Amino acid sequence: MPLSSYRMQRIYLAATMNYGLGSDDPEELAYYKKIRKEIVDMKKDPIKKGIPFNWNNPEEGYK
């Protein structure tokens with residue numbers, strides 16, 4: 001049986017707030033682990049903000 005949207009929201013909140021799930025349902029655990037993995041992967045990726053600037057050659061920063 002697929003997870004209800006209410007249950008998915010509760011699992012998402014628990015995962016994003018780093019709370020434990022408190023359930024042994026394999027479907028809920030799989031969804032929780034998927035969300036946690038996505039969060040960890042997002043933290044690993046560097047955030048690119050603004051315009052890249054090169055002091056030596058300013059024209060390279062605008063490409």
Side-chain angles (χ1 to χ4, degrees):
M1 182 170 114
L3 294 172
S4 68
S5 60
Y6 172 78
R7 194 66 197 140
M8 288 174 74
Q9 180 185 13
R10 303 297 280 181
I11 294 168
Y12 179 81
L13 287 173
T16 56
M17 297 175 73
N18 208 18
Y19 291 165
L21 185 57
S23 173
D24 292 335
D25 182 23
E27 193 172 4
E28 291 179 2
L29 285 171
Y31 185 68
Y32 179 83
K33 289 178 182 179
K34 176 186 163 205
I35 299 296
R36 290 297 307 155
K37 183 181 180 313
E38 288 177 4
I39 292 170
V40 169
D41 290 345
M42 277 193 291
K43 288 182 180 179
K44 289 181 183 177
D45 292 336
I47 299 172
K48 297 178 183 176
K49 296 182 180 178
I51 300 171
F53 190 78
N54 187 344
W55 287 100
N56 299 327
N57 191 359
E59 291 179 5
E60 286 183 13
Y62 296 111
K63 292 182 182 177

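Scope of the values below: all heavy atoms of this structure, side chains included, with no hydrogens, waters or symmetry mates. Bear in mind that the values here come from a model prediction, so they are computed numbers and not experimental data.
Of all the heavy atoms in Leu3 and Glu28, the pair that sits closest is CD2-CG, 3.5 Å. The minimum heavy-atom distance linking Ala14 with Gly20 is given by the pair CB-O, 4.2 Å. Residues Ser23 and Arg7 approach most closely at CB-NH2, 4.4 Å, considering heavy atoms.
The local environment of CG in Asp24 is sparse, with at most 12 non-hydrogen atoms from other residues, nucleotides or ligands closer than 6.0 Å.
Between the OH atom in Tyr19 and the OG1 atom in Thr16 there is a gap of 9.0 Å [rounded to 0.5 Å]. Residue Lys34 holds its NZ atom at 11.0 Å from CD1 of Ile11, rounded to the nearest 0.5 Å. In this structure, CD1 on Ile35 lies 14.0 Å from NZ on Lys33, to the nearest 0.5 angstrom. Note that CZ of Arg10 is 13.5 Å distant from OH of Tyr31, once rounded to the nearest 0.5 Å.
Contact annotation: the side chain of Tyr32 approaches that of Arg36 to within less than 4.5 Å [non-hydrogen atoms, C-beta and beyond].
Note on Leu13: it does not cluster hydrophobically with Met8, by side-chain heavy-atom contacts below 4.5 Å among ILVMFWY residues.
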